[in-house]
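Below is one structure, written out as structure tokens; the observations come after it.
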Amino acid sequence: RRRCKLAVQTAGGDANLRANCDDAMTASLRDRLLSIAADADLVERFVSCFPGYAVVPNPRCGLWYCRSSDPLIQVYFQSKDGHVQTRGFSLRRLNVTLVDAACRYKGCVLVDSTHNVRKRMPDSFSRTVPIWCAVLNRAVKRLADSAHPAAGPSWDTALHTPRCSVSAQDHADTEDVLDVLVDVLLSTSDDKVQSLLLSRIARPLLPMWAVVGEELPELADTETSHWPVVCLTASPFTASAVAPSGFTYVKGAGDDHETWSCGLEPEAFWASRAALLEAAGDPDTLEAFDCAVKDAVRRSAELPKGGLCRVGAHPVLLGSLEAVYGMSWLPLVGGPKKAAMILLTLEDDSSARARLDSAALDVCVIKTPSGKQAKGSIEETFQKSLDFASEHLAAGRSVVVACEDGRNLSAAVVLSLLVKMESNASGAPVDKNMTAKVGAALAAECPGVHIGRSLIVAVNRFFISTRFKEDARRAAVERKALD
């Protein structure tokens, strides 16, 4: 295991790899899928050297190269969080489930890739994950009192970065901002998040790096003192082609799949992998390959989109439209008379209601256009949702909020609802700090949600504009009374 080496067959050297991958955006779909399959085989062989570790793909690219060993572990490490211009720690991407996985499995293997031929690994691995590990380690150290056995004098709070990708100056500059990031995390997260981190991180998190086709990282001295987070880059850095299969190899072929996949998603690729690769194996039967791709894209629409997530102790659930149309969640809330539902959908009112099996359920259908049209209606969506939810929560009912994927727009609506509840409970006006704090708690309780930055901004703008409107209305009433 320690000295195991994974070889990849090469033909033509590094120069060909650079030429092939510089043209990656125009590579054929067939070449990309066969390249992904070749890399996925190497990933599977690599992972077998770490028995017992959790295997976790980093969306979106990593999803093409492996399946998660535990579907409940959902993470998202974004490259830009670690870029030199930002060097941030995202409260919307706490990745608490990876902490749980490290605790349960004593280590994990993260899988991702990059099509950039100048980089050995993606920035999410060389920069974002190291910052995440160091900030959480330092936060636990700061939270722990002298009686806590985990955070003793030997507790590792250092920043660990790969020397092949991060310069000494860049490392030092990043280390300088870590304590500031810890301050932000602790000042904006609530007691629940802090106690969760303190109770789960019993050993420091240690990032390590590996690239398929190269030597494995040495773990002998770390497994007893740390929880390793092995960052595995799925595409070899120096290989140019997998010659025996007769196709042009594309490094990091799974990257930015919206630009090349023709609607094919990673889940559909894995569900139809055998048929796709069989059709792609013969370059002379492209028509059969096209049919296999169209069939896989059609099947992708039939794949489950996930279930419902209860938001902590709140009587609020969020999820996908597919999950709520099944109505299997009703026993969780005590039946249709004890729940109300907000549907954020492209369908009109009658079509959406027709897909529900229970006429006794009180439903608010909000037609939400896609693209640029959605921006103009987002404040109206928030207002309608809050009015409807507030009425039913006051009556003691649970509220279910659903959108197409159950992770973005519905989560933003739930965030606005939780922010309003927090503001009412505390008596404090809504500001960015309150939104960030509530958002961090939501991310910890429902790890699958990924609220886009534009929606976070829209939530803040909605409450600021609402406050201005209320102030103006109050001032008008006072003026009228004086007159």
Side-chain angles (χ1 to χ4, degrees), residues 52-56 68-77 81 89-110 128-160 178-208 219 222-230 309-314 316-317 415 418 422 425 433-434 436-449:
Y53 276 29
V55 180
V56 186
S68 176
S69 60
D70 185 343
L72 296 178
I73 307 172
Q74 299 185 33
V75 304
Y76 188 27
F77 290 100
D81 290 340
F89 182 91
S90 175
L91 296 172
R92 293 183 289 123
R93 293 180 284 276
L94 283 177
N95 294 309
V96 175
T97 54
L98 193 64
V99 174
D100 290 335
C103 174
R104 216 163 53 242
Y105 298 97
K106 311 307 179 188
C108 55
V109 179
L110 276 172
T128 306
V129 172
I131 291 175
W132 178 79
C133 289
V135 168
L136 291 187
N137 288 341
R138 292 189 181 205
V140 169
K141 175 69 173 176
R142 192 180 296 183
L143 287 170
D145 55 28
S146 58
H148 194 274
S154 60
W155 186 262
D156 188 359
T157 60
L159 173 68
H160 300 274
L178 289 180
D179 285 334
V180 175
L181 298 179
V182 175
D183 292 339
V184 172
L185 170 61
L186 296 181
S187 63
T188 56
S189 58
D190 60 12
D191 294 340
K192 184 184 299 184
V193 173
Q194 294 179 16
S195 62
L196 185 148
L197 295 177
L198 191 58
S199 62
R200 301 293 174 84
I201 305 181
R203 297 181 190 173
L205 300 165
L206 179 66
M208 308 180 80
L219 300 179
T222 61
E223 287 185 310
T224 57
S225 60
H226 295 74
W227 281 333
V229 179
V230 180
C309 173
R310 181 180 289 276
V311 184
H314 302 289
V316 178
L317 297 87
L415 174 62
L418 297 179
E422 173 69 18
N433 288 334
M434 180 181 291
K437 183 176 181 178
V438 175
L442 176 60
E445 291 162 349
C446 297
V449 306

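Numbers here simply count residues along the sequence, with the first being 1. Side chains are part of it too, since the values below use all heavy atoms of this structure and drop only hydrogens, waters and symmetry mates.
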Provide the closest heavy-atom pair for [X] versus [Y] in the form atom of the first, atom of the second, distance.
X	Y	value
P204	S225	CD-O, 3.4 Å
H226	R203	O-NH1, 3.7 Å
A443	L91	CB-O, 4.0 Å
Y53	P228	OH-CG, 3.5 Å
A441	V193	CA-CG2, 3.9 Å
V75	T97	CG1-OG1, 4.1 Å

Indicate yes or no: at least one non-hydrogen side-chain atom of [X] is less than 4.5 angstrom from one of [Y].
X	Y	value
L185	L136	yes
L159	L178	yes
W155	N137	yes

- [ ] Kindly write out the residues that satisfy salt bridge (charged side-chain N to carboxylate O under 4.0 Å, His left out) with E445, not counting sequence neighbours, or none if the list is empty.
- [x]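 So E445 forms a salt bridge (charged side-chain N to carboxylate O under 4.0 Å, His left out) with K192.
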- [ ] Please name all residues satisfying salt bridge (charged side-chain N to carboxylate O under 4.0 Å, His left out) with D156, sequence neighbours left out, ordered by chain then number.
- [x]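 D156 satisfies salt bridge (charged side-chain N to carboxylate O under 4.0 Å, His left out) with no residue once adjacent residues are dropped.
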Open item on the list: List the residues meeting side chain to side chain contact (heavy atoms under 4.5 Å, CB included) with A102, not counting sequence neighbours, and say none if there are none.
Closed with: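 By the side chain to side chain contact (heavy atoms under 4.5 Å, CB included) rule, A102 matches L205, W227.
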Task: side chain to side chain contact (heavy atoms under 4.5 Å, CB included) involving D179 - partner list, sequence neighbours excluded - done: R138, R142
TODO: Give the C-alpha distance, both sets of side-chain angles, the deciding distance and a yes or no for side chain to side chain contact (heavy atoms under 4.5 Å, CB included) between V229 and L206.
DONE: CA-CA 6 Å; V229 179; L206 179 66; over 6 Å; no
Task: Q194 side-chain N/O to L186 backbone N/O, donor-acceptor pair under 3.5 Å - done: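 It does hold such a pair.
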Task: Any donor-acceptor N/O pair, N95 side chain to Y76 backbone, under 3.5 Å - done: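 The answer is yes, because a donor-acceptor pair under 3.5 Å joins these two groups.
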Open item on the list: side chain to side chain contact (heavy atoms under 4.5 Å, CB included), that's the test. Do V311 and C446 meet it? Break it down for me.
Closed with: CA-CA 7 Å; V311 184; C446 297; 4.1 Å; yes
Within this structure, what is the [atom1]-[atom2] distance for the pair [X] and [Y], rounded to the nearest 0.5 Å?
X	Y	atom1	atom2	answer
L442	H314	CG	NE2	9.0 Å
S195	R200	OG	CZ	9.0 Å
R310	L317	CZ	CG	4.5 Å
L181	S90	CG	OG	11.0 Å

Open item on the list: Going by ring pair (Phe, Tyr, Trp, His ring centres under 6.0 Å), name the residues that satisfy it together with Y105, two or more places apart in sequence or in a different chain.
Closed with: none
- [ ] Determine, step by step, whether W132 and L98 satisfy the side chain to side chain contact (heavy atoms under 4.5 Å, CB included) criterion, reporting the C-alpha distance in whole Å, the side-chain angles of both residues, the deciding distance to 0.1 Å, and the verdict.
- [x] CA-CA 11 Å; W132 178 79; L98 193 64; 3.8 Å; yes
Open item on the list: Working note: V184 + V135, criterion side chain to side chain contact (heavy atoms under 4.5 Å, CB included); need CA distance, chi angles, decisive distance, verdict.
Closed with: CA-CA 10 Å; V184 172; V135 168; over 6 Å; no
